[in-house]
Amino acid sequence: MKRTIKDIDVENKKVLLRLDFNVPMNTKTGNITDLTRIMESLATINYLCEHKAKVIICSHLGRPNGTRDEKYSLAPVASALKKLVKNRVSFASDTIGEDAKSKINAMESGDILVLENLRFDRREEENDEEFSKELASLADIYVNDAFGTCHRKHASTYGVASLLPNAIGFLISKELKVMSKILSNPDRPLVAVLGGAKIKDKIPVIENLLDKADTILIGGGMAYTFIKALGGSVGKSLVDEEKIDMAREFIKKAKTSKAELVLPLDNICNVDFDSKLKPKRFPSMEIDENYMGLDIGPKTVKLFKSYIKKAGTVVWNGPMGVFENPMYARGTNKIAKYVAKTKGFSFVGGGDSASAVVKSGYGKRIDHLSTGGGASLMFLEGKTLPGVDVISDLEEEK
Ligand code: AMP
């Protein structure tokens, strides 16, 4: 068990709080288009303020690649936060510079200071020792509540953590609790629904879940590498040639492992991504050589539904088709609906599947919508997250 903010005394202490304020912005107007990430951080911020800490918030925003770029400034986030909390919020125009230091010196207990974007300094992503030390010198305690970046070994998620007494916030604490239960003691049957295009990202997840899940439903672009491995004709569908042997091995392994591996039966196909032609349906093993699979077909939707409906736990990561195009979004939307409606516990990894579920209007019915796509995938691979690993265990000396 990791130490949480409830296990430490923060009164009158300067707390460096790493949050995920990587909010979506309208690049033309500079307005924040979705406040979810800020809202989700409020419980930890408010707890620290109520317990009289001086709360110094740091985060990254976008990919400024180590240089100052006003388009990625956290100033609008600080302004938005001001409207959501009752405590005093100020903003420092740098991260470890003079403005940050003088504003920290002027802080009183319960005050909040938002530092400028960590990634304006290239040393952040390099987990640079000096940069980590500079960050540590700003505070007495380090708290990480940025689940979305826990899989990264950066100065603000890793380097600084070992230099200060540390703890995790409420958001990470909840994510860990939910994911640990899924992997160690899930309500069964445990059904994993995996999709998306990058098979190499999902292979370690399938490998880990083969002995843990009861069923693994595979859809989306990555299904075609498996279908080809089975000897099917997949036409022009997305295939990762380098992973065909691995897919074949998994299919073989699944025969003796706990989990049943289930592939699509039929597919909605077209001659290319942007074709204006009417899409055609093909059985998975017989896709025409001029066509590519762009969504799961109705028979597959029905088959996947039957597993999801009976599940004790459903874990979903990755869309079932090229859902960005409404012509191929049906499979993903249907799965979003069934995952939301299942009587079992529903878990949706961040990224595309989370946005699909929110777009479908069923977001509120998901038991746990993870705030970290990459981090939740890494967890499902059975790996420890660097940003969590570095936090002290509860038993360790405080
Ligand atoms: P990933 O990042 O691996 O989860 O992949 C997400 C992407 O997979 C989305 O942008 C989808 O458009 C894409 N995708 C899903 N199904 C297919 C497919 N059948 N062919 C090509 N791309 C797909």
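Since this is a predicted model, take the numbers as computed values, not measurements. Index from 1, following the sequence. In listed order, ligands and their atoms are each counted from 1. Note: hydrogens, waters and symmetry copies are ignored here, and every other heavy atom, side chains too, is used.
Hydrophobic side-chain contacts under 4.5 Å tie Val348 into a cluster, directly or through other members, with Val191, Val193, Leu217, Val262, Leu265, Ile296, Val301, Leu303, Phe304, Tyr307, Ile308, Val314, Trp316, Met320, Ile335, Tyr338, Val339, Val357, Val358, Ile366, Leu369.
Using a 4.0 Å cut-off between charged nitrogen and carboxylate oxygen, Glu70 and Arg68 count as a salt-bridge pair. The pair Glu207-Lys202 does not meet the salt-bridge criterion, since no charged nitrogen lies less than 4.0 angstrom from a carboxylate oxygen. Between Lys133 and Glu129 there is a salt bridge, since at least one side-chain N of the basic residue sits less than 4.0 Å from a carboxylate O of the acidic one.
Within 4.0 Å of ligand 1, counting heavy atoms only, the contacting residues are Gly196, Ala197, Lys198, Lys202, Gly220, Gly221, Tyr224, Phe273, Gly293, Leu294, Pro319, Gly321, Val322, Glu324, Asp352.
Each of Met378, Lys383, Glu381 was evaluated against His151; a single residue qualifies, Met378, per the side chain to side chain contact (heavy atoms under 4.5 Å, CB included) test.
Ring orientation note: the planes of Phe347 and His368 are close to parallel, at an angle under 30° on the 30°/60° scale.
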